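So the structure is just underneath, and the comments pick up after that.
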Amino acid sequence: MKVILLGTAAGGGFPQWNCACALCTRCHRGELPARSQESVAVSGNGRDWWLLNASPDIRTQLLAAPALRPGPGPRDTPVRGVLLTDAELDHTLGLIILRGGTDLTVHAAPPVREALTADLPLHGLLDRYAPWGWHDSTAPGGFALDGGLTVTAHPVSSKAPKFMGRPASDAPWVVAYRIEDPATGGALVYAPCLAAWPDGFDELLASASCVLLDGTFFSADELGTAVRSGDAGQALMGHLPVSGPGGSLAALARHPHLRRIYTHLNNTNPLLDSSSPAGGAVRKAGAEVLPDGSELTL
């Protein structure tokens, strides 16, 4: 299985257009590398590619990845569809960029599909350009992708996107995907949005060879200290911090066999600076933060 990290920043990218925090300012100065909004591409055969989330930056991301360029026919593309982990704007608005693509398939959990039909009506809008297949990613038994990969979806959070107002609190709005290449035995767990460490997640990681994990915030109060925003707002955003006794880095220590990579980094996250103490702590723990465009083989 081939994996390309198309983008590794949280919503808004890095730097954000309306932010002059210390990290964004250093990025504007060229002292830190910019990152586009989080999205991944996977393929089992190098010809059929599937996007894990579709960020608003997807056009630039696709053009930057040689394996994802169109051809050989004038309208041929190796992109076969999109697997959505949630309905957040930074993971769904890229679908609009893909409009007109023929025979694409979207896999998403039922609440996400319903939201993209009624509240953020991309489903009907996109079908007017070219009908796509829309499927329940949480159906029992999982599903297969062209190119030889098999997928199962695992609900990890009931955090709904802000545009939804007040939906039912127990709906499985956010899922993680386990993507396996039966030919190699390599398995990727993809969980860019993790509000807490869910029951059963350790067992899921034990069955994988690599995880791409929510690294939005390094610490629980990071947003408040970086941009003078209330800590409560950060808690409501549905992202487990990396550090601290209840953070994801401590939990990942239980899986030393696993390649552990953080993604979906907020513009306030000190991990954006690899030379920071936070970056050193993550490396010491055996985890990684990779730049946009990084490629893996599992």
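These numbers were taken from a predicted model, which means no experiment stands behind them.
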Full working for side chain to side chain contact (heavy atoms under 4.5 Å, CB included) between Ile179 and Val3: CA-CA 11 Å; Ile179 304 164; Val3 182; over 6 Å; no
Polar side chain donor-acceptor pair, Asp146 to Trp50, under 3.5 angstrom: no
Reported CD-to-CZ distance for the pair Glu88 and Phe163, which is rounded to 0.5 angstrom: 7.5 Å
Modelled atom types, side-chain donor and acceptor of Asn53 and Thr85, under 3.5 Å: yes
Centroid-centroid distance, His135 to Phe143, less than 6.0 Å: no
Heavy-atom side-chain contact between Leu6 and Ile58 under 4.5 Å: yes
Minimum heavy-atom distance Met1-Leu149, with the two atoms named: SD-CD2, 3.9 Å
Backbone N/O of Ser36 and side chain of Asp292: donor-acceptor pair under 3.5 Å: yes
Exercise: identify the closest heavy-atom pair between Gln16 and Asn267: NE2-OD1, 3.2 Å
Within-4.5 Å side-chain heavy-atom neighbours: His91 and Pro192: yes
Connected via hydrophobic side-chain network under 4.5 Å: Val189 and Val242: yes
CA sep, side-chain torsions, deciding dist, call: Leu290, Thr8, side chain to side chain contact (heavy atoms under 4.5 Å, CB included): CA-CA 8 Å; Leu290 300 177; Thr8 55; 5.8 Å; no
Any donor-acceptor pair under 3.5 Å from Ser55 side chain to Gly94 backbone: no
Thr102 and Arg75 side chains, donor-acceptor separation under 3.5 Å: no
Any side-chain donor near an acceptor of the partner, Gln37 and Asp90, under 3.5 Å: no
Side chain to side chain contact (heavy atoms under 4.5 Å, CB included) between Leu83 and Val42, intermediate numbers included: CA-CA 10 Å; Leu83 283 62; Val42 297; over 6 Å; no
Taking every non-hydrogen atom, the tightest pair across Pro172 and Ala109: O-CB, 3.7 Å
Short side-chain to backbone donor-acceptor contact, Ser243 and Phe218, under 3.5 Å: yes
Got a list of side-chain donor-acceptor pairs under 3.5 Å for residues 269-281, not counting sequence neighbours?
from, atom 1, to, atom 2, distance (Å)
Asn269, OD1, Leu271, N, 2.8
Asn269, ND2, Gly215, O, 2.6
Asn269, ND2, Thr216, O, 3.2
Asp273, OD1, Ser275, N, 3.0
Asp273, OD1, Ser275, OG, 2.6
Asp273, OD2, Arg26, NH1, 2.9
Asp273, OD2, Arg26, NH2, 3.3
Asp273, OD2, Ser275, OG, 3.4
Ser276, OG, Pro270, O, 2.9
Ser276, OG, Asp273, O, 2.7
Ser276, OG, Gly279, N, 3.1

Other residues, nucleotides, ligands: >12 heavy atoms within 6.0 Å of Asp199 CG: no
Beyond-backbone contact of Leu252 with Tyr262, side-chain heavy atoms, under 4.5 angstrom: yes
Distance-only polar pair, side chains of His107 and Thr105, donor-acceptor under 3.5 Å: no
Side chain Arg283, main chain Glu288, donor-acceptor under 3.5 Å: no
Asp127 side chain vs Trp132 backbone, donor-acceptor pair below 3.5 Å: yes
Other residues, nucleotides, ligands: >12 heavy atoms within 6.0 Å of Arg69 CZ: yes
Thr92 versus Leu120, closest heavy-atom pair with distance: OG1-CD2, 3.9 Å
Close side-chain approach of Leu51 to Leu98, heavy-atom, < 4.5 Å: yes
Taking every non-hydrogen atom, the tightest pair across Gly81 and Leu104: N-CD2, 4.2 Å
Same cluster (ILVMFWY, side-chain, under 4.5 Å), Trp197 and Ile261: no
Side-chain donor or acceptor of Ser158 paired with backbone N/O of Ala171 under 3.5 Å: no
Asp136, CG atom: more than 12 neighbouring heavy atoms under 6.0 Å: yes
Contact check, side chains of Thr117 and Trp134, non-hydrogen atoms, under 4.5 Å: no
Distance (rounded to the nearest 0.5 Å) between Arg35 CZ and Leu5 CG: 9.5 Å
Leu240 and Asp214, any side-chain heavy atoms less than 4.5 Å apart: no
Backbone of Thr77 reached by a side-chain donor or acceptor of Arg80 within 3.5 Å: yes
Donor-acceptor contact present, side-chain Arg113 to main-chain Pro110, <3.5 Å: no
Donor-acceptor contact present, side-chain Thr268 to main-chain Phe217, <3.5 Å: no
Heavy-atom check, side chain of Leu116 versus side chain of Leu95, under 4.5 Å: yes
Closest heavy-atom pair and its distance - Tyr129, Gly100: CB-N, 3.7 Å
Candidate pair Trp173 and Ser157, rule side chain to side chain contact (heavy atoms under 4.5 Å, CB included), full reasoning: CA-CA 6 Å; Trp173 278 95; Ser157 171; over 6 Å; no
